[in-house]
Undergrad: 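Got a structure for you, written out below as structure tokens; questions coming shortly.
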Amino acid sequence: MANMPSIPKGTRDFSPAEMLRRKYIFNTIERVFQKYGFLPLETPAMEKLETLTGKYGEEGDRLIFKVLNNGDVWGTMDPEVKAKLVKGEEVHPGRLGAELSGKALRYDLTVPFARYVVQHRNEITFPFKRYQIQPVWRADRPQKGRYREFYQCDADVIGSKSLLNEVELVELIGDVFAALDLQVVIKVNDRKVLSAIAEISGQPEKVVDMVTAIDKLDKIGQEKVEEEMRAKGISEPAIATIAPLFRLSGTWPEQRKKLDKWLGGVPLAQEGLKNLSTVFGAVGPLKNATLEFDPTLARGLDYYTGAIFEVKSQEGNMPGSICGGGRYDDLTGIFGLKDMSGVGISFGADRIYDVLLETNKFPTELGGSTRVLFANFGEKEAMYALKLLRTVREAGIAAELYPDAVKMAKQFKYADDKGIPFVAIIGENELKQGIVTVKEMKSGEQKAVKEEDLLSIIS
RNA sequence: GUGGAUGUAGCUCAGUUGGUUAGAGCGCCGGAUUGUGAUUCCGGAGGUCGCCGGUUCAAGCCCGGUCUUCCACCCCA
């Protein structure tokens, strides 16, 4: 036990049973992505460090996994930095980090996507719709539903300002959760509305602080939110001005009326509200989802500029969001390509997994597992079973022959453990009569049939 | 990154104020049943008590460090 191998903090192995369930989620999401015209893209696990730093805010930079340079790190170090280290003098952590590491694991899929778009701008036809299902890494401290390696399933459309994209993404979200049979609520807001609120409060420069505080409303309550705003240097009158935000209940048309009265004079708010109304008006019926305007929805990432989305499960006990996204007007600007508006969403496969498992929503038949096991009675019988095995496989049915002629109990237990529904038995008697005995594991029923009738029983 | 818990068999957990040989259930292996799993009965294997160090005549138990998992912040999928 002392030498039991293990894996790094916050990472996980996925057993075959878990992988079948995970693939079910990925396949479902991928199928819907394709149905909406998104095409697949993959980018490397590693990006250049400079591509990632500064894109996720100060907090985000800290959570980027850096990859140590290969080769002679010491020999190739900047002489100035080297001299300081030799003298035992302090070197700025960022400066030292840049010397030791030039690449890092991707933190999300959106920034690498932006990098890709800029790098390949001449080959891409816009609007460009891509989906991407890959792991991302964050050097965060792990908790429940929070890992250091986890999968994101992103769909973005870049190069179009049309609100039809927002509408389609909402319907796409609805489609995914209908397919997964999970009841969700899709919350929407618009950054412009939040900015307008900051404007009328008289402290527009405090948008980010206001927004991150407001975002916590459902978790900590109005009082604590106001406390945090005070701590961030937001004035009492400003806090009082914001207060109506917390009383915006009702349907969207009702909320819109209140908002018009409150923020109507601010052009930015007009724009945001008009956009929201367009989305609410155009979205078709959703099967397993309700669409709600949530004025306190903010989302942390700085690059969102328009609509923002967040999806929460109505079932199970998952406090965090299982899907999120929004519009960004200038994501590619930082890489030198201006005026490229995009909008995208990201499904958190790992959290969706946890919810589906907790609520027992995974289909019982997940496929991928063998349908029939041929028992092995010895060389002669096995050779005969091998022939039947091929015809079963040719019919497209997953089948296997137990490789060793061990006792029956062990072979049946193998079938039981692996959830194989049928066991085909060809022993001495069956061989002589040209028949095969088929046992259905669930009922325990067993019958002898002619070889040619085998397929109709197990399919 | 800050603060707090946790770790004993493959899994879930007992283990008294520190005292000799660390237990249970489930699982695993073998047998009852040489052609039948899940059920029943009988038997068996498996632990340097997360790791390193300290206190003590004596440590699973006390102390320090470290790692893991979990919780609350921060932030987020």
Side-chain angles (χ1 to χ4, degrees), chain A residues 1-12 15 25 29 56-64 93 106-110 133-154 208 211-213 215-216 219-220 224 228 231-232 298-302 309-313 318-325 344-355 373 375-378 381 402 405-431 436-446 448:
Chain A
M1 273 290 280
N3 294 326
M4 187 70 104
S6 60
I7 55 176
K9 185 200 293 212
T11 64
R12 295 154 299 158
S15 69
I25 294 173
I29 292 172
Y56 309 106
E58 205 178 311
E59 200 56 39
D61 281 357
R62 208 194 71 217
L63 299 177
I64 294 171
R106 71 168 100 78
Y107 176 90
D108 70 358
L109 301 177
T110 308
I133 299 175
Q134 286 188 277
V136 301
W137 294 269
R138 294 184 190 176
D140 210 347
R141 194 177 284 205
Q143 273 182 43
K144 194 181 191 69
R146 173 190 270 186
Y147 308 99
R148 289 186 142 186
E149 178 186 61
F150 61 96
Y151 275 72
Q152 287 190 333
C153 312
D154 278 29
V208 174
V211 150
T212 47
D215 194 39
K216 292 174 192 162
K219 214 172 169 186
I220 60 176
K224 289 264 172 86
E228 183 168 327
K232 289 274 168 69
R299 295 192 59 79
L301 292 169
D302 316 337
F309 310 105
E310 190 161 284
V311 180
K312 293 214 165 153
S313 173
M318 172 58 69
S321 60
I322 52 177
C323 175
I345 45 156
S346 176
F347 290 85
D350 301 82
R351 286 185 177 176
I352 293 171
Y353 180 97
D354 289 347
V355 174
L373 174 77
N376 188 329
F377 277 82
E381 293 88 344
Y402 198 90
V406 295
K407 62 180 184 181
M408 280 306 103
K410 197 172 167 74
Q411 302 195 31
F412 273 88
K413 190 166 159 35
Y414 176 84
D416 193 41
D417 286 347
K418 227 175 147 176
I420 300 174
F422 296 99
V423 175
I425 301 154
I426 304 161
E428 208 180 331
N429 301 336
E430 286 85 354
L431 201 57
V436 48
T437 302
V438 182
K439 173 162 177 168
E440 197 205 341
M441 296 297 279
K442 203 172 162 193
S443 61
E445 269 171 45
Q446 190 166 307

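Remember, it's a predicted structure, so these values are computed and weren't measured experimentally. We name chains A, B, ... by the order of the sequence lines, and we start the count at 1 in each one.
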Undergrad: Can you tell me whether the side chain of A:N429 and the base of B:rG35 have a donor-acceptor pair closer than 3.5 Å?
TA: yes
Undergrad: At 4.0 Å (heavy atoms only), tell me whether A:M408 reaches a base, stays on the sugar-phosphate, or touches nothing.
TA: sugar-phosphate
Undergrad: Could you identify the nucleotide paired to B:rU40, looking across every strand shown and requiring Watson-Crick or G-U wobble geometry with both distances under 3.5 Å?
TA: B:rA32
Undergrad: Given B:rC73, is OP1 or OP2 found less than 4.0 Å from the side-chain N or O atoms of A:K216?
TA: no
Undergrad: Once hydrogens and angles are ignored, does a donor-acceptor distance under 3.5 Å link the base of B:rG35 to the side chain of A:E430?
TA: yes
Undergrad: Both distances under 3.5 Å, Watson-Crick or G-U wobble: report the partner of B:rC57, or none.
TA: B:rG19
Undergrad: What is the distance, rounded to the nearest whole Å, between atom NZ of A:K439 and atom P of B:rG37?
TA: 7 Å
Undergrad: If B:rU48 has a Watson-Crick or G-U wobble mate with both distances under 3.5 Å, name it; if not, just say none.
TA: none
Undergrad: Between B:rG37 and A:Y414, is there a base-stacking contact, meaning the centre of the base's six-membered ring lies under 5.5 Å from the residue's ring centre while the planes stay under 30° apart?
TA: no
Undergrad: Hey, does the side-chain of A:R138 have a donor or acceptor N/O within less than 3.5 Å of a partner on the base of B:rC75?
TA: no
Undergrad: Which word best sums up how the rings of A:Y402 and A:Y414 line up, parallel for under 30°, tilted for 30 to 60°, or perpendicular for over 60°?
TA: perpendicular
Undergrad: Think A:K407 has a side-chain N or O under 4.0 angstrom from the OP1 or OP2 of B:rG31?
TA: yes
